[in-house]
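Comments concern the structure below.
Chain letters run A, B, ... following the sequence lines, proteins first and then strands; every chain starts at 1. All values below come from the heavy atoms of this structure, side chains included, with hydrogens, waters and symmetry mates left out.
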2 protein chains.
Amino acid sequence: MPTINDVARAAGVSPSTVSYVLSGRRPISAQTRARVQAAIAELGFHPHAGARALASSKTNVLALVVPLRVDVNVPVIMQFATAVVTAARTHNHDVLLLTKDEGTSGLERVAHSTMVDALIVMDVEKDDVRIPALRKLKQPTVLIGLPGDPSGIVCVDLDFAAAAAETLRHLAWHGHRRIALVGPSPAVYRRGTSYAERFLAGFTEASAELGLETMTHPCEPGQEGVKSCLADIDAELPGVTALVVHNEEALRPLLDQLRAAGRRVPEDISVVAVCPRDVALGLPIPLTSVDIPSHDVGGLAVETVMKLLDGRHTESIRLLPPTLVERDSCARPAV
Amino acid sequence: MPTINDVARAAGVSPSTVSYVLSGRRPISAQTRARVQAAIAELGFHPHAGARALASSKTNVLALVVPLRVDVNVPVIMQFATAVVTAARTHNHDVLLLTKDEGTSGLERVAHSTMVDALIVMDVEKDDVRIPALRKLKQPTVLIGLPGDPSGIVCVDLDFAAAAAETLRHLAWHGHRRIALVGPSPAVYRRGTSYAERFLAGFTEASAELGLETMTHPCEPGQEGVKSCLADIDAELPGVTALVVHNEEALRPLLDQLRAAGRRVPEDISVVAVCPRDVALGLPIPLTSVDIPSHDVGGLAVETVMKLLDGRHTESIRLLPPTLVERDSCARPAV
DNA sequence: ATCTATCGTCGAAGCGCTTCGACGACCCCC
DNA sequence: GGGGGTCGTCGAAGCGCTTCGACGATAGAT
């Protein structure tokens, strides 16, 4: 492995000049720059990351903390991850992958040992124990999600409250008045996962504003969970003409159950989902849905991190506006 | 951030002594060690990763290259990734996440700049362009999968040929004689993805050994793909009593199609799948399957990398034996 | 023509750690 | 009781890079 000294010698300049060519932090004449670049190319020089980090206090590495719980949303997480990696690369950064189960100590480890310049943390909970630790780090942090007390930390996410309102507005516009929300599993609510609560709040509020008759119900996973959820809904709010489903796993069994019960979608009952685009498209009936834009959120997280690293200002909460895409699962209610 | 000098001063020893306490590479008296450890704890000292890497030429970081293609197997990849991260952590290593789309240059970048000690590469293809580049790196590499020419590189994977044999043996034991393989999509074969070919080869060979009447057919994704695949199978090998499905995405539509055609599983037709356990369990009928043990393969990859880093010898190809798990999708054929 | 900026380059210091050689102190054995 | 080990510790030399201050050269302003 050639070093910067080898390059300097080959180009007939001093090492610092090579460094300045690389970083552009001081003006270098065109001829010198060309000679240096030629030497770099010829020797196949790559600056030693550790040496660089030591001298500059910058690693050009981001930490990404992902949940490794298998129970939910694995593809979504993977989408986030690849979006983050891809976006980070456009800013000349790499990504160190951490799992949530390392907890607070994992964050402190990589931060204190200066392995990373900044952190992106997914799957934050309402009273996430990691938040206080993150506040103390010298590296900036961006959360994907919204904790109970976001003060001192920058957060990005989809605007789930707006997403809920959007689904109801769409259904109301189609003429629906009695609508039920099939929510995530009770475990998700128990964990205090913020997007669940924000969606719920948005749903309730928009329902009141639009003067709709609605109800909400969490939904356990599996065929059984969906079955009992639907039964509860029929009992509590008979004559429901539309369902808003904020639960990826329930989608497939839900469609199965409806079909088994002889209720056609969308003729007898409309369905609007909140899920990633490919899930909405991968079902027997392409679902009208508010897409969860993992890719965009991941990209936004990286952009925000970069802003912070540049010392630029940024709002402390950035919510992406939802977009509802019409597909085939929504119609006017049967009279 | 305290440095090793701060710790040394606090403990009343020299920096090198602190270093030896940390690394254990030279004997240190119990008292001194205790004093140093106390100082470390009190100051909250964490060695600077860059400085360490510079001085020791070790980063304690592994690169993991994942495909970011969305079309296949996302959950499996995520399982691999978390398995790798978890296993790496038990060896005191972290994981840098790279995407396959950075290609050869991404590998060279992280390797030449000494960001990582070793690489784990997923989704290798038969004539993977990255292989020659990997051979040239000074860092050891472990592939998950098997390229056409694995010479000079260590590979780990599930033994897909044995898995195929296992499915046929199981079906034959149940009394099945006419069996079709529903394979991955043609795109997978075209790409030269080794597990597809190895499974196919194992299937054909075991079929001959067991004297079965079999056929094989790739399967395009989606309901349509499955439909036409089943039609082809019925045309080419009428009276098939069992299907071996080596195609995760096809599983669900396949069960749908069979049901729609009034063929009950397992009474009218048996199905054995090759897929991750949770996929096999998540379907309407729990499927008898050879589980793809992402977790174990990921762990094995890390163990192998560690061996190589320690300079220990290891076989150049390590295939995990498959295990078939009986569930509810297999029965004796109707007479 | 003189003074002051700016440009382009160099040299040296230093980032925080590991590691090698050295050196007492101590123990064991003949 | 002197020679040869091992034990426990220190000092110093780097690892490869960035960055600061310095300095000659050139250019612009007066």
Side-chain angles (χ1 to χ4, degrees), chain A residues 1-37 39-40 43-61 92 109-117 138 309, chain B residues 1-37 39-40 43-61 92 109-117 138 309:
Chain A
M1 297 280 94
T3 73
I4 202 172
N5 289 295
D6 300 327
V7 174
R9 209 172 310 123
V13 298
S14 78
S16 50
T17 300
V18 177
S19 179
Y20 288 125
V21 167
L22 252 23
S23 69
R25 302 177 85 83
R26 284 204 182 169
I28 298 288
S29 71
Q31 307 94 327
T32 306
R33 198 181 320 128
R35 278 217 315 288
V36 168
Q37 272 155 353
I40 289 176
L43 298 179
F45 167 73
H46 290 252
H48 187 290
R52 202 166 230 200
L54 180 56
S56 69
S57 309
K58 279 179 189 305
T59 61
N60 276 36
V61 175
N92 205 20
R109 182 172 55 79
V110 298
H112 289 156
S113 63
T114 324
M115 299 184 75
V116 302
D117 292 338
K138 66 168 196 277
L309 286 176
Chain B
M1 297 280 95
T3 74
I4 202 172
N5 290 294
D6 299 328
V7 174
R9 210 172 309 124
V13 299
S14 79
S16 49
T17 300
V18 177
S19 179
Y20 288 124
V21 167
L22 251 24
S23 69
R25 303 177 84 84
R26 284 204 182 169
I28 297 289
S29 71
Q31 307 93 326
T32 306
R33 199 181 320 128
R35 278 218 315 288
V36 169
Q37 271 155 355
I40 289 176
L43 298 179
F45 166 72
H46 290 251
H48 186 290
R52 204 166 227 198
L54 179 55
S56 69
S57 308
K58 278 177 190 307
T59 62
N60 276 37
V61 175
N92 205 19
R109 181 172 57 79
V110 298
H112 289 156
S113 63
T114 325
M115 299 184 76
V116 302
D117 292 338
K138 65 166 196 278
L309 287 177

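- In this structure, I4(B) atom CD1 and dG16(C) atom P are separated by 11 Å, rounded to whole Å.
- Residues T114(A) and K138(A) are in side-chain contact: their nearest non-hydrogen atoms beyond the backbone lie under 4.5 Å apart.
- Straight-line distance from the CZ atom of R9(B) to the P atom of dC10(D): 14 Å, rounded to whole Å.
- Here the shortest heavy-atom pairing between A49(B) and M115(A) reads CB-CG, 3.6 Å.
- Taking all atoms of both residues into account, the shortest heavy-atom contact from F45(A) to T3(A) is CE1-C, 3.5 Å.
- Straight-line distance from the CG atom of N5(B) to the C1' atom of dC15(C): 11 Å, rounded to whole Å.
- In this entry the distance linking CG of L22(A) with P of dG16(D) reads 16 Å, nearest Å.
- Proximity of a side-chain donor or acceptor of N60(A) to a complementary backbone N or O of N92(A) within less than 3.5 Å is detected.
- A heavy atom closer than 4.0 Å to some atom of DNA chain D occurs in I28(B), S29(B), T32(B), these being the qualifying members of residues 28-36 of chain B.
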Just distance, no hydrogens or angles: give the donor-acceptor pairs under 3.5 Å from side chains in residues 27-35 of chain B, sequence neighbours left out.
| from | atom 1 | to | atom 2 | distance (Å) |
| --- | --- | --- | --- | --- |
| S29(B) | OG | Q31(B) | OE1 | 3.3 |
| S29(B) | OG | T32(B) | N | 3.3 |
| S29(B) | OG | T32(B) | OG1 | 2.8 |
| R33(B) | NH2 | I28(B) | O | 2.8 |
| R35(B) | NE | A11(B) | O | 3.0 |
| R35(B) | NH2 | A11(B) | O | 3.2 |

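- Shown for residues 43-50 of chain B: no residue has heavy atoms falling under 4.0 angstrom of DNA chain D.
- Contact between A10(A) and A39(A) at its shortest, heavy atoms only, is CB-CB, 4.0 Å.
- Summarising the geometry, atom NE2 belonging to H112(A) is positioned 4.5 Å from atom CE belonging to M1(B); distances are rounded to the nearest 0.5 Å.
- A rotation axis mapping the C1' atoms of four pairs onto the next four is fitted at both ends of the helix from dA1(C)-dT30(D) to dC30(C)-dG1(D) over five pairs, and the angle between these axes is 30° to 10 degrees.
- Among the atoms of the strands shown, only primed sugar atoms or phosphate atoms (P, OP1, OP2) are found under 4.0 Å from some heavy atom of V13(A).
- Nearest heavy-atom pair, D117(B) versus T59(B), reported as atom, atom and distance to 0.1 Å: OD1-N, 2.8 Å.
- Remark: C1' of dG16(C) and CZ of R52(A) are 18 Å apart, rounded to the nearest angstrom.
- When all heavy atoms of P15(A) and A8(A) are compared, the closest pair comes out as N-CB, 3.6 Å.
- Rounded to an integer number of Å, the gap from CG of L54(A) to C1' of dC15(C) is 4 Å.
- Residues S14(B) and T17(B) have side chains that bring a donor and an acceptor to within less than 3.5 angstrom of each other.
- Put simply, CG on D6(A) is 9 Å from P on dG16(D), counting in whole angstrom units.
- Rounded to the nearest 0.5 angstrom, L22(A) CG and Q37(A) CD are separated by 8.5 Å.
- Close to dG16(D), at under 4.0 Å from its OP1 or OP2, lies no side-chain N or O of T3(A).
- Annotation: side chain to side chain donor-acceptor pair (under 3.5 Å) contacts of S56(A) (sequence neighbours excluded): none.
- Closest heavy-atom contact between P2(B) and G44(B): CG-O, 3.9 Å.
- Between V13(B) and the choices V7(B), V21(B), V18(B), the side chain to side chain contact (heavy atoms under 4.5 Å, CB included) rule is met once, by V18(B).
- One atom, CE of M115(A), and another, C1' of dG16(C), lie 15 Å apart when rounded to the nearest Å.
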Tabulate atom names and distances for all N/O pairs under 3.5 angstrom spanning the protein and nucleotides 19-26 of chain D.
| from | atom 1 | to | atom 2 | distance (Å) |
| --- | --- | --- | --- | --- |
| dT19(D) | OP2 | R25(A) | NE | 3.4 |
| dC20(D) | N4 | Y20(A) | OH | 2.4 |
| dG21(D) | N7 | R26(A) | NH2 | 3.3 |
| dG21(D) | O6 | R26(A) | NH1 | 2.2 |
| dG21(D) | O6 | R26(A) | NH2 | 3.3 |
| dA22(D) | N6 | R26(A) | NH1 | 3.3 |

